[in-house]
2 protein chains.
Amino acid sequence: MQVPKQRSGPKQILGDLEGEVLECVWQRGPVSVREVHSHLAARREIAYTTVMTVMSRLAEKGLLQRRPEGRAFIYSASMPRDEYWTEVVKNFLDGVLQGANRPLLSHFVESLAADDAAQLDLLADIIEEKRRKRACS
Amino acid sequence: MQVPKQRSGPKQILGDLEGEVLECVWQRGPVSVREVHSHLAARREIAYTTVMTVMSRLAEKGLLQRRPEGRAFIYSASMPRDEYWTEVVKNFLDGVLQGANRPLLSHFVESLAADDAAQLDLLADIIEEKRRKRACS
DNA sequence: GACTATCTACTACATGACGTAGTACTATGC
DNA sequence: GCATAGTACTACGTCATGTAGTAGATAGTC
């Protein structure tokens with residue numbers, strides 16, 4: 001039995017191409033449509049106007065900002081990658097962590113430790129802090 | 001600037017009605033379409049066949065299982081709520097926690113503590129465990 | 001000026017997911 | 001036979017996303 005797959009990375013709550021575009025803007029921005037298109041087209045065929053439409057829609061959604069420069073628009077991300085992800089995770093966790101159980105927390109810690117053991121230490125520090133703060137109130 | 005809203009609860013990766021149906025099956029299952037329909041219809045107008053379709057689709061997706069009983073089907077959830085949520089969160093976090101940073105972790109801990117301070121202790125325990133395990137290897 | 005390249009605005013289509021729900025058919029009970 | 005109950009089948013609308021062509025305007029080059 002397969003649980004429906006959550007998408008990962010910036011694609012989380014965006015379409016695949018949207019996520020790819022956003023990632024590109026984070027890495028290279030401020031950028032024009034042409035630049036993003038060049039970058040994407042290096043790997044596959046995609047029409048210029050497809051890229052342009054997606055960027056325009058992302059701007060409508062507020063994830064990208066744009067300013068005119070000559071005849072073109074220059075796009076930048078509306079928030080840094082870290083900030084975006086913090087918000088995404090925040091929203092997700094706020095809805096889910098009520099009644100978190102041990103297997104869930106266990107998995108969370110494992111995911112963290114798998115990447116970088118320093119994260120575990122960081123998390124432990126944060127928790128100590130919070131518990132200290134709690135003990136004082 | 002508003003980050004697109006993540007949906008919360010069982011609705012996370014399902015539609016609204018799908019999530020509601022799944023929740024109903026968890027609470028009352030094994031159930032027939034009629035029972036789920038009665039429960040949902042208590043609060044608003046909804047056609048029997050709408051409920052039936054949604055349940056049928058959830059079964060196709062593998063989230064519900066069904067067995068014939070007389071002319072009807074009896075539906076059950078394919079996995080318990082906890083298990084489902086663990087999987088959902090697992091998939092989400094696996095894609096996101098690479099390069100987790102301090103603000104993100106801070107928020108995570110805060111979300112946890114806001115609900116139930118016991119969770120913080122539980123998490124601290126789990127971390128200690130993992131760090132001990134790490135120190136032994 | 002003509003031509004070419006570049007860019008956006010405008011437009012449109014397809015697909016899939018989801019919610020919605022009626023109709024037809026069948027089986028069962030009275 | 002009639003009424004009820006249940007599924008199969010069917011269909012439609014909306015929305016999000018990916019896809020991309022065309023038209024028109026602008027700028028640069030010859």
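Small disclaimer: the values here were computed from a predicted structure and weren't measured. Note: hydrogens, waters and symmetry copies are ignored here, and every other heavy atom, side chains too, is used. Residue numbering restarts at 1 for every chain, and letters A, B, ... go by the order of the sequence lines.
- Rounded to whole Å, the distance from CD on B:Glu18 to C1' on C:dG19 is 9 Å.
- One interatomic measurement links the two molecules: CD1 of B:Ile46 to P of C:dA21, which rounds to 7 Å at whole-angstrom precision.
- Of all nucleotides listed (C:dA9, C:dA21, C:dG19), C:dA9 comes nearest to the side chain of A:Phe73.
- Counting distance only, with no hydrogens placed and no angle test, the side-chain atoms of A:Arg71 and the base atoms of C:dT6 include a donor-acceptor pair under 3.5 Å.
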A:Arg131/A:Glu128 under side chain to side chain contact (heavy atoms under 4.5 Å, CB included): CA gap, chis, key distance, verdict: CA-CA 5 Å; A:Arg131 287 167 87 177; A:Glu128 270 327 294; 3.6 Å; yes

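- In this entry the distance linking CD of B:Glu20 with C1' of C:dC18 reads 14 Å, nearest Å.
- In the model, B:Ser32 has a side-chain atom that pairs as donor or acceptor with a side-chain atom of B:Glu35 under 3.5 Å.
- Atoms CD (A:Glu60) and C1' (C:dA9) sit 12 Å apart, rounded to a whole Å.
- When heavy atoms are screened at a 4.0 angstrom cut-off, B:Ser32 is found touching no nucleic acid atom at all.
- Residue B:Lys61 has no polar side-chain atom (N or O) positioned under 4.0 Å from OP1 or OP2 of C:dG16.
- Ranking C:dA9, C:dT8, C:dG19 by closeness to the A:Arg66 side chain, first place goes to C:dA9.
- Relative orientation of the B:His37 and B:Tyr48 rings is perpendicular, given thresholds of 30° and 60° on the angle between their planes.
- With rounding to the nearest 0.5 angstrom, the CG atom of B:Leu64 is 6.0 Å from the CE atom of B:Met55.
- With rounding to whole Å, B:Glu45 atom CD is found 8 Å from C:dA21 atom P.
- Atom-to-atom distance recorded for A:Glu20:CD and A:Ile46:CD1 is 7.5 Å, nearest 0.5 angstrom.
- The distance from atom NE2 of B:His37 to atom P of C:dG22 is 10 Å, rounded to the nearest whole Å.
- A:Leu17 places its CG atom 18 Å from the P atom of C:dT15, with the value rounded to the nearest Å.
- Chain A approaches DNA chain D over the interval D:dT17 to D:dT26, counting the first and last nucleotide 5' to 3' with an atom under 4.0 Å from its heavy atoms.
- In the interface, the side chain of A:Ser56 is not paired with the base of C:dA9 through any donor and acceptor atom under 3.5 Å apart.
- Rounded to whole Å, the distance from CZ on B:Arg57 to C1' on C:dG16 is 11 Å.
- Although no hydrogens or angles enter the test, the distance criterion places a donor-acceptor pair under 3.5 Å between the side chain of B:Thr86 and the main chain of B:Asp82.
- Taking CG of A:Asp125 as the reference point, atom CG of A:Leu120 lies at 10.5 Å (rounded to 0.5 Å).
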